[in-house]
Structure formats: C-alpha cells, structure tokens
Amino acid sequence: MEPGLQQGPQLHTEIISWFTANARDLPWRRPECSPWGVFVSEIMLQQTPVIRVLPVWQQWMERWPAPAALAAEPSGEAVRAWGRLGYPRRALRLHAAAAAMTERFNGSVPGTRDELLTLPGVGTYTAAAVASFAFGRRETVVDTNIRRVHARALSGKALPAPALNAAELRLAVALLPDDDAASVAWNASVMELGALVCTARSPKCALCPVQRRCAWVAAGEPAPEYVPKGQTWAGTDRQVRGALMAVLRQAREPVPRKLLVGPPELLAADGAAEDADPEPAALSKLHALRAPAGQLERALTGLLADKLAEESDAGLQLPA
DNA sequence: AATGCGTGGTA
DNA sequence: TTACCAAGCAT
C-alpha cells in the first residue's frame, strides 16, 4: 500500500468538507458554466494566479461565448484580448484549439481525456482537469497544488520533486475515489487546499483540516531537499519579447519595424519617434533594454512574425 | 530530460 | 530591492 493510505477515508472526508465550507466562488466552478468556460479558465490559469485571470475570463466569455465565435476571428484578436496574462502563446493555442473544436468536434469542447489531449495547448493536467471539472469524469488530476499537498500530508516532504515522477502519480491514482462525483470533489478540494492553505511559502497550517494527520508536520516540518532554481530573466529573449509585446498590444496601427529594432538614436535623428503622440512608455522600456539587433530579430521571429504578421490585424501586424 | 516561455504580486 | 512563484506545455 502507498504511504499514507492507511489513514483511511477520514483524509478525504476532512478535505472535502473543508472545501465545501471554504471554496472560493469562482465563476468557472458554477453549475451554469459551460465546458467552454471551464476550458478557457484552465488555459488561462496555467502558471497564472486566479486574481489576474478573473477579469480577462469574464471579457472572453462575453465576447466569445462558444468556440466557433473565437475561431471566427483572427488569432491576433485573441492575443490582444489576452492582455497581460503572460505567456501569450497560450492565446494563440487557445485560438487554435477553438478552431479545432469547430472543425473536428462539432463546435463543442470534447469530453474525454484522449480527445482533449489532441488540442493545442492541452497537456496531461489540462485534459484531466477539463474532463473532471467540466464533464464530471473520473480522472486523476495532478497539478502543482495537488502535488504539494500530497508531498506534505502523505510523504512528509516540504516540497514535491522538481518534476512529476512515477511514485507521485501512483499515489495520486491510489488516492482518487472510485465514485465519479466523489473523484471530482476530491480533485477540486485538494487543489483548493493547496492554493489557499498548503501554500508553497508560509503554509497556513493552523487553518488546515488535516494538520493532525499531516506527515510533514509530524516529521517536524523538515526543510526542502533541494533549492528550486529561479527563472532567469534579465537579458533573455523572454524579456525582450515581453517588451515587444507590450508595444504591440497598445499599438493602434501597424508598428514600423525599425521603431522596434532600430537604434533609438537613429530614430530620434530621423524624426520617426516624434510624430503624433509622445513616445509610449512601452517603447521607451523596450529601447532601454538596449537589446542587440540579433536578439530583437529573434524575439520578433519566434513569436510574432510566424504567428501574427500573417494576420491582417492592424495593431499587431508587422509591416514587412 | 532539461529548457524556454510573460507578467506582476508578495515577502 | 531582489527573488520567488503562480490550476503547464512544447520541444
């Protein structure tokens, strides 16, 4: 038997009861929310906090209430409506997923894990989450919150392994209730516990419904076995691309390529940046990076030229 | 299997 | 202020 499972059904009862009393009232959890609404929320929530997703999700649902509505517009519109959620390639994949639903799934979100996995931007977690939360299927949902709760409560560790491993997956499978409805409740409850109480930094153990049976607490809250390495940022293509995206998002018309890539001194000299409005703050930030021309070109090509310049969409188009 | 990918709040 | 980190995915 997996470690921790000898605790019996009390663990499930305690956590699900806690969820019933403490869950956030998120719009994509309401019974009237469509599978499409759940799908959009899951993509937006990848590596992005709930608080920042909420307003964007509301706007998307009003503008594009079904996959076909989104698929009917240029992908550049999806990128603009994405706003500042980050990882804008998710907007492109969500648009492509909507097109795939329109073409291959009769305009609906597919309901099985295997079908969902065929959609762009959908991996193991998202496929299981949508099948579980939107369609009530019994699927093993494993996200970073759930992994952390499992690591602490059942394995006695401060943090889960750097990457999902076979032992973690076995444990998650073993913990999933047999009943469909109970499995959905379990998935949502453990995830919420990880998001609100069993957090990565400063977990709120005093509020935890299973503190008494937590293996990590029982072990004296040992420190993590490894130090997570941070995401590098300064000087990376990501930083340059982020600055480029900020300029393009706010642009009302095509942005001259040389305004993005060219040396600021030359731009000022030939007057390119002087007409119309004062230079946008976003453009100043881009220029302040002093990124090499090669890197600017790479950032443009990697995300924009291939995916967006083909659009006839004014704000994001890059003239040849 | 390890990297790269945006953004902004928090400690 | 700097570093961490937030419902992952694709390569």
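Each chain gets a letter, A, B and so on, in the order the sequences are listed, and its residues count up from 1.
Nucleic acid contact class of A/V53 (heavy atoms, under 4.0 Å, all strands): none. The residue A/R249 sits close only to the backbone: its heavy atoms come under 4.0 Å of sugar-phosphate atoms, none of a base. Residue A/R24 is classed as a base contact, given a heavy-atom separation below 4.0 Å to a base. As judged by a 4.0 angstrom heavy-atom cut-off over every strand, A/S41 is placed among residues making no nucleic acid contact. Residue A/W28 is in base contact, counting any heavy-atom pair closer than 4.0 Å across all strands shown. Residue-level contact check: A/L85 touches the bases, meaning some heavy atom is under 4.0 Å from a base atom. Within the nucleic acid shown, A/L26 comes within 4.0 Å of at least one base atom, counting heavy atoms only. The residue A/A200 sits close only to the backbone: its heavy atoms come under 4.0 Å of sugar-phosphate atoms, none of a base.
One N or O on the side chain of A/R138 and one on the backbone of A/P177 form a donor-acceptor pair closer than 3.5 Å.
We find that CZ of A/F39 is positioned 13 Å from C1' of C/dG8, with the value rounded to whole Å. Distance, A/K285 NZ to B/dG6 C1': 13 Å, rounded to whole Å. One atom, CE of A/M191, and another, C1' of C/dA6, lie 13 Å apart when rounded to the nearest Å. Look at CZ on A/R90: it is 8 Å from C1' on B/dG6, rounded to the nearest Å. Atom CG of A/L54 is separated from atom P of B/dG9 by 14 Å (rounded to the nearest Å). Computed from coordinates, the A/L244 CG to B/dT7 C1' distance equals 15 Å when rounded to whole Å. Remark: P of C/dC4 and CD of A/Q47 are 15 Å apart, rounded to the nearest angstrom. When the C1' atom of B/dG8 is taken as reference, atom CZ of A/R238 falls 13 Å away, rounded to whole Å.
The closest side-chain heavy-atom distance from A/R152 to A/L159 is below 4.5 Å. A/R63 has its side chain within reach of A/E77: a pair of non-hydrogen atoms, C-beta onward, lies under 4.5 Å apart. Counting heavy atoms from C-beta outward, A/V109 and A/V38 have side chains that stay 4.5 Å or more apart.
Side-chain proximity of A/A195 to the nucleotides C/dA6, C/dG8, C/dA7 is greatest for C/dA7. Side-chain atoms of A/R241 lie closest to B/dC5 of the nucleotides C/dC5, B/dC5, C/dA7.
Using the six-membered ring where Trp is involved, A/W60 and A/W82 have ring planes that are perpendicular, over 60° apart on the 30 and 60° scheme.
No donor-acceptor contact under 3.5 Å links the side chain of A/R89 to the base of B/dC5. Judged by atom type and distance alone, A/T48 reaches the base of B/dG6 through a side-chain donor-acceptor pair under 3.5 Å. For A/R52 and B/dG8, a side-chain-to-base donor-acceptor distance below 3.5 Å is absent, hydrogens and geometry of angles not being considered.
At a threshold of 4.5 Å between side-chain heavy atoms, the hydrophobic network of Ile, Leu, Val, Met, Phe, Trp and Tyr places A/L94 and A/L54 in one connected group. In the hydrophobic cluster analysis, where Ile, Leu, Val, Met, Phe, Trp and Tyr join through side-chain heavy atoms closer than 4.5 angstrom, A/L248 is grouped together with A/V79.
Looking at which nucleotide of DNA chain B each of A/R84 and A/R93 is closest to, the 5′-most match is held by A/R93. With DNA chain B read from its 5' end, the first of the two nearest nucleotides for A/T232 and A/S202 is the one closest to A/T232. Annotation: of the two residues near DNA chain C, A/P120 and A/V50, the 5′-most nearest-nucleotide partner is A/V50.
Distance check on atom P: C/dA7 versus B/dG4 gives 23 Å, rounded to whole Å. Look at the P atom in both B/dT3 and C/dC4: the space between them is 16 Å, to the nearest Å.
Applying the 4.0 Å criterion to OP1 and OP2 of C/dC9, one finds that A/T124 has every side-chain N and O outside that range. Note on A/R201: every side-chain N or O is 4.0 Å or more away from OP1 and OP2 of B/dA11.
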